[in-house]
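Report on one structure; see the data block that follows.
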Amino acid sequence: MTRLAQTEGLTDIQREILSTVRDFVDKEILPVATELEHRDEYPSQIVEGLKELGVFGLMIPEEYGGLGESLLTYALTVEEIARGWMSVSGIINTHFIVAYMLKQHGTQEQKDYFLPKMAAGEIRGAFSMSEPALGSDVSAISSKGVRDGDDYLLNGQKMWLTNGGSSTLVAVLCRTDEGHPEGTAPHKSMTTFLVEKEAGFGEVRPGLTIPGKIDKMGYKGVDTTELIMDGLRIPADRVLGGETGRGFYHMMDGVEVGRVNVAARGCGVAQRAFELGVSYAQQRHTFGKPIAQHQAIQFKLAEMATKVEAAHAMMVNAARKKDSGQRNDLEAGMAKYLASEYCKEVVEDAFRIHGGYGFSKEYEIERLYREAPMLLIGEGTAEIQKMIIGRRLLEEYRIQG
């Protein structure tokens, strides 16, 4: 284990899980990540290995075949995986959010049916809020679900769906006006639907089309797609929790833990960037000595390491707050904001340390340099995080009288 980003108070089981995952990352992910990323190839063999390790069921209760671990264990696992290749942690994240939403809000029938298969990795989850015209404004969702007998008919277009092609279960947020009179606040007339589908692209079930992968600057390997619903028929028993109008709250609960995940990804990528930077600085010589002996480089390394440590501490705090059963939107927002910003800065400093070689695709830092920006916008932009943080601070520090 490295000196940085240590976590105090872990159980023997947690340490064993993290040690196993770290070994897997070092042996199975790091040696192939850059090659697969450059080919934009889905990491099938890596995913199968993670299934065997039980990572897909890490937070699913033991009664459903999972490991029943905490959010902290999951976040630290994600940190290790992202250190190897951030795209792999993205494959896990959306699956985890859907499993978490089912565990917290699903009916007993929904839990019994989905969670054991999700724990085994037989069903792979994705979730879908965003649309082409709305970005962070969730209240502007226009996709709609209309009651039709015992079913709902879903119509609309969704955007930025991680695991859109590889998933077989998608939690989709739609507007449902049923039982909600005109003038009802938008967030009170939204419903989450559990949509089962075939893996792949094209028409994956009647009325549901996954057009194909979106070509991205970074975050490659994982498939990011649109989702088009045109008369998609969904049984009423596939409304999450069995009740319409609760979808916004379900999604926000999922996104809250997702923000801890994104913070963990930022920590993992930053750790890897620091490792690459400090290693290269000791190998590269200028003016007769390793550049690590130049004060300017030592200053960079000091700043990078401090940012890695600070981001890790905030991420751990946010996870532990959620595990304790307390509201953690403030801590999760702070952790996501700080970790993603620091990740970008640490990666850039490692890139600068590499000099011209950092611009070459032969060096791993080039991949990290393209991956880090995604964390600045995923699960809410920095501006959204600051809005959440500011509002919560005003709640906490409201002047009385």
Side-chain angles (χ1 to χ4, degrees), residues 1-31 33 43 45-100 102-104 115-122 124-125 257-272 275 308-309 311-325 328 332 335 339:
M1 298 294 285
T2 60
R3 171 67 179 84
L4 290 179
Q6 298 298 294
T7 310
E8 296 296 324
L10 297 181
T11 65
D12 290 342
I13 292 176
Q14 287 174 313
R15 283 194 290 269
E16 183 178 347
I17 289 172
L18 295 174
S19 176
T20 300
V21 172
R22 189 176 184 88
D23 286 345
F24 181 85
V25 168
D26 288 340
K27 294 174 183 176
E28 306 295 336
I29 297 182
L30 279 172
Q45 189 171 340
I46 292 172
V47 169
E48 288 302 312
L50 292 174
K51 283 168 62 175
E52 292 178 14
L53 291 180
V55 171
F56 281 93
L58 195 60
M59 274 192 69
I60 294 175
E62 292 181 7
E63 63 190 283
Y64 299 109
L67 298 179
E69 273 296 329
S70 63
L71 178 61
L72 175 62
T73 307
Y74 179 77
L76 295 174
T77 298
V78 166
E79 184 180 38
E80 294 289 356
I81 293 172
R83 175 183 154 269
W85 184 12
M86 192 183 75
S87 292
V88 178
S89 63
I91 292 170
I92 302 295
N93 182 39
T94 55
H95 176 87
F96 154 70
I97 290 177
V98 177
Y100 174 84
L102 275 161
K103 181 185 75 171
Q104 295 296 109
L115 289 181
K117 297 181 178 67
M118 295 187 79
E122 296 170 11
R124 301 262 295 287
V257 293
R259 284 180 179 140
V260 175
N261 174 289
V262 173
R265 282 196 254 179
C267 292
V269 174
Q271 283 183 46
R272 184 57 182 167
E275 291 172 5
V308 167
E309 194 77 5
H312 175 84
M314 289 198 73
M315 179 270 290
V316 168
N317 180 57
R320 282 181 162 150
K321 192 77 176 284
K322 188 73 171 178
D323 282 334
S324 71
N328 88 326

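What's counted below: heavy atoms across the whole structure, side chains too, no hydrogens, waters or symmetry copies. The shown structure was predicted, so the numbers you read here are calculated from the model rather than taken from an experiment. In this chain, residues are counted from 1 in sequence order.
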Inset, instruction - Quick one: pull up CD1 in I17 and CG in L67 and give me the separation to the nearest 0.5 Å. - result: 6.0 Å
Legend entry - Minimal non-hydrogen separation, A264 against V78, with atom names: CB-CG1, 3.9 Å
Inset, instruction - Heavy atoms only: give me the nearest D323-S70 pair and the separation to one decimal. - result: OD2-CB, 3.3 Å
Legend entry - pair L50-F24: side-chain heavy atoms closer than 4.5 Å: yes
Inset, instruction - May I have the step-by-step check of side-chain contact (heavy atoms from CB on, under 4.5 Å) for V98 and M118, ending in yes or no? - result: CA-CA 9 Å; V98 177; M118 295 187 79; 4.0 Å; yes
Legend entry - Closest contact, heavy atoms only, A318 versus N328: O-ND2, 3.0 Å
Legend entry - Heavy-atom side-chain contact between K103 and I60 under 4.5 Å: no
Legend entry - Under 3.5 Å donor-acceptor, Q6 side chain and L4 backbone: yes
Inset, instruction - Anything under 30° is parallel, anything over 60° is perpendicular, the rest tilted; go ahead and classify H95 against F56. - result: perpendicular
Legend entry - Pairwise distance CG(L72) to CE(M59) - rounded to 0.5 angstrom: 10.0 Å
Inset, instruction - To the nearest 0.5 angstrom, please state how far the CE atom of M315 sits from the CZ atom of R320. - result: 10.0 Å
Legend entry - N261 and its side chain to side chain donor-acceptor pair (under 3.5 Å) partner, picked from N93, T94, T77: N93
Inset, instruction - Please name the pair of heavy atoms, one in W85 and one in I29, separated by the smallest distance, quoted to 0.1 Å. - result: CB-CG2, 3.7 Å
Legend entry - Straight-line distance of R15 CZ to L76 CG, nearest 0.5 Å: 12.0 Å
Legend entry - Spacing of L10 atom CG and T73 atom OG1 [to the nearest 0.5 Å]: 7.5 Å
Inset, instruction - Count the heavy atoms belonging to other residues, nucleotides or ligands that lie under 6.0 Å from CD of Q45, then report whether that count exceeds 12. - result: no
Legend entry - Sole candidate of E80, R83, E79 that passes side chain to side chain donor-acceptor pair (under 3.5 Å) when paired with Q271: E79
Inset, instruction - Please confirm whether the backbone N or O of A5 pairs with a side-chain atom of E309, one donor and one acceptor, at under 3.5 Å? - result: yes
Inset, instruction - Over all heavy atoms of both residues, which pair between S89 and I81 is shortest? Give the atoms and the distance, please. - result: N-CG2, 3.7 Å
Inset, instruction - Begin with the C-alpha distance, continue with both residues' side-chain angles, and end with the deciding distance and a verdict on side-chain contact (heavy atoms from CB on, under 4.5 Å) for T7 and L18. - result: CA-CA 11 Å; T7 310; L18 295 174; over 6 Å; no
Inset, instruction - Could you check if a side-chain atom of V260 sits within less than 4.5 angstrom of a side-chain atom of Y74, using non-hydrogen atoms only? - result: no
Legend entry - CD on E62 to CD on E69, rounded to 0.5 Å: 8.5 Å
Inset, instruction - Assess whether side-chain contact (heavy atoms from CB on, under 4.5 Å) is satisfied between R272 and L30, documenting all intermediate values. - result: CA-CA 10 Å; R272 184 57 182 167; L30 279 172; 3.6 Å; yes
Inset, instruction - Check the surroundings of atom CD in E16: do more than 12 heavy atoms from other residues, nucleotides or ligands lie under 6.0 Å from it? - result: no
Inset, instruction - For V316 and E8, run side-chain contact (heavy atoms from CB on, under 4.5 Å): C-alpha distance rounded to whole Å, both residues' side-chain angles, the deciding distance at 0.1 Å, then the answer. - result: CA-CA 10 Å; V316 168; E8 296 296 324; over 6 Å; no
Legend entry - Minimum heavy-atom distance G9-Q14, with the two atoms named: O-OE1, 4.4 Å
